[in-house]
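The basis for the numbers below is simple: all heavy atoms, side chains too, and nothing from hydrogens, waters or symmetry mates.
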Amino acid sequence: MPVLEAEPSPLPIDLATAALIVIDMQRDFLEPGGFGESLGNDVSLLAAAVPPTRALLAAARAAGLLVVHTREGHAPDLSDAPPAKRERGAPSLRIGEPGPMGRILIRGEPGHDIVAELAPQPGEPVIDKPGKGAFYATGLGALLEERAIATLIVCGVTTEVCVHTTVREANDRGYRCVVVSDACASYIPAFHEAGLAMIKAQGGIFGWVAESAAVTAALR
Ligand code: C5J
């Protein structure tokens, strides 16, 4: 069994029961004119996570791992977007309003797509989620149970929001989680660092943190 160089400790990984989960690498978060920018963020800060995620995808596909992509977004009628989420803050464009990439954070709009460099391959599950966590109101739990998955290798954006929420949900469901540091990113670099530190603190209270090079080496 390969042993992953990770913090706070090396982690043996059974590849037959491991999955790569790529969180919300969508145009709405990574490109100008989407949800992320509407909240006042510099979206260029997320670009650094794209090449390491590409490398992870290639390694996971070559190793035969289950690869799951997630997308945050809402139904066109906003029936799954609670007012508390829609009305929060003072964005330049609210969820559902028309922007340069279509309606903000709405399924089926160009902004909701995963960025071209990380496009899912045919057969790879894409989980549409209305919340920050990938387990809430989705079929992810059932999908992972069906495949007897025990270890989640998690990357994506943003580190402290959707990656963290998903990892916290996964912990309570009994999954071993590895967060890939350079394949995650945040609009707020200090939150990225703090988010990773929180995962691996206290003996790995939420899991392990590893670099993409270490993960791709283990997958080889
Ligand atoms: C945010 C996400 N940041 N995917 N969503 O609102 O992290």
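Of the inter-residue distances, the one linking Gln26 atom CD with His69 atom NE2 reads 12.0 Å to the nearest 0.5 angstrom. Expressed to the nearest 0.5 Å, how far CG of Leu56 lies from SG of Cys155 amounts to 5.0 Å. Atom CG of Leu30 is separated from atom CZ of Phe35 by 13.5 Å, given to the nearest 0.5 angstrom. In this structure, CD1 on Ile21 lies 6.5 Å from CG on Leu66, to the nearest 0.5 angstrom. The CE atom of Met101 lies 10.5 Å from the CG atom of Leu105; values are rounded to the nearest 0.5 Å. In this structure, Asp113 CG and Met25 CE are separated by 14.0 Å, a value rounded to the nearest 0.5 Å.
No more than 12 heavy-atom neighbours from other residues, nucleotides or ligands sit within 6.0 angstrom of CZ on Phe191.
Taking each heavy atom of Ala218 and Pro2 in turn, the nearest pair found is O-CB, 3.4 Å. Residues Ile114 and Thr70 come closest through the heavy atom pair CD1-O, 4.4 Å. Shortest non-hydrogen contact noted between Gly34 and Ile104 is C-CD1, 3.7 Å. Taking all atoms of both residues into account, the shortest heavy-atom contact from Ala59 to Thr216 is CB-CG2, 3.7 Å. Looking at every heavy atom in both residues, Gly36 comes nearest to Val43 through C-CG1, 4.0 Å. Between Asp28 and His112, the shortest heavy-atom contact is OD2-N, 3.7 Å.
The backbone N or O of Ile149 lies less than 3.5 Å from no partner atom in the side chain of Thr17, so there is not a single donor-acceptor pair. Side-chain atoms of Lys85 come within 3.5 Å of backbone N or O of Pro130 as a donor-acceptor pair. No donor-acceptor pair closer than 3.5 Å links the side chain of Arg147 to the backbone N or O of Leu143. In this structure, Asp182 contributes its side chain and Ser212 its backbone to a donor-acceptor pair below 3.5 Å. Without hydrogens or angle criteria, Asn41 side chain to Glu37 main chain gives no donor-acceptor distance under 3.5 Å. No donor-acceptor pair under 3.5 Å is formed between the side chain of Tyr136 and the backbone N or O of Thr166. Thr165 places no side-chain N or O within 3.5 Å of a backbone atom of Cys162 that could act as its donor or acceptor partner. Between the side chain of Glu124 and the backbone N or O of Val67, no donor-acceptor pair lies under 3.5 Å.
The side chain to side chain donor-acceptor pair (under 3.5 Å) pairs that include a residue from residues 86-108 are Asp80-Arg107, where partners are two or more places apart or lie in different chains. Residue pairs that meet the salt bridge (charged side-chain N to carboxylate O under 4.0 Å, His left out) test with at least one member in residues 127-143, sequence neighbours left out, are Asp24-Lys129, Arg71-Asp128, Glu72-Lys132.
Cys184 places a side-chain heavy atom less than 4.5 Å from the side chain of Val179. Between Glu160 and Thr158 the shortest side-chain heavy-atom distance falls below 4.5 Å. In this structure, Leu78 and Ile106 have side chains that are in contact, with non-hydrogen atoms separated by less than 4.5 Å. Looking only at side-chain heavy atoms (C-beta outward), Thr53 and Val22 come within less than 4.5 Å of each other. Residues Thr151 and Tyr175 form no side-chain contact, since every pair of their non-hydrogen atoms from C-beta on lies 4.5 Å or further apart. Taking 4.5 Å as the limit, every side-chain heavy atom of Ser186 sits out of range of all side-chain heavy atoms of Leu45. For the pair Trp208 and Ser9, the minimum side-chain heavy-atom distance is below 4.5 Å. Leu15 places a side-chain heavy atom less than 4.5 Å from the side chain of Leu65.
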**OP:** Given side chain to side chain contact (heavy atoms under 4.5 Å, CB included), test Tyr187 with Asp42 step by step and report yes or no.
**Re:** CA-CA 6 Å; Tyr187 303 119; Asp42 173 1; over 6 Å; no
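Ile153 and Val68 fall into different hydrophobic clusters, where Ile, Leu, Val, Met, Phe, Trp and Tyr side chains are chained together by heavy-atom contacts under 4.5 Å. Criterion: ILVMFWY side-chain heavy atoms under 4.5 Å apart, direct or through other members. Under it, Leu4 and Leu20 are part of a common hydrophobic cluster. A continuous path of hydrophobic side-chain contacts links Leu57 to Leu46 [ILVMFWY only; heavy atoms under 4.5 Å]. Note on Val180 and Val209: separate hydrophobic clusters, where clusters join Ile, Leu, Val, Met, Phe, Trp and Tyr whose side-chain heavy atoms are under 4.5 Å apart, directly or indirectly. Hydrophobic clustering of Ile, Leu, Val, Met, Phe, Trp and Tyr side chains at less than 4.5 Å, counting indirect connections, keeps Ile13 apart from Ile199.
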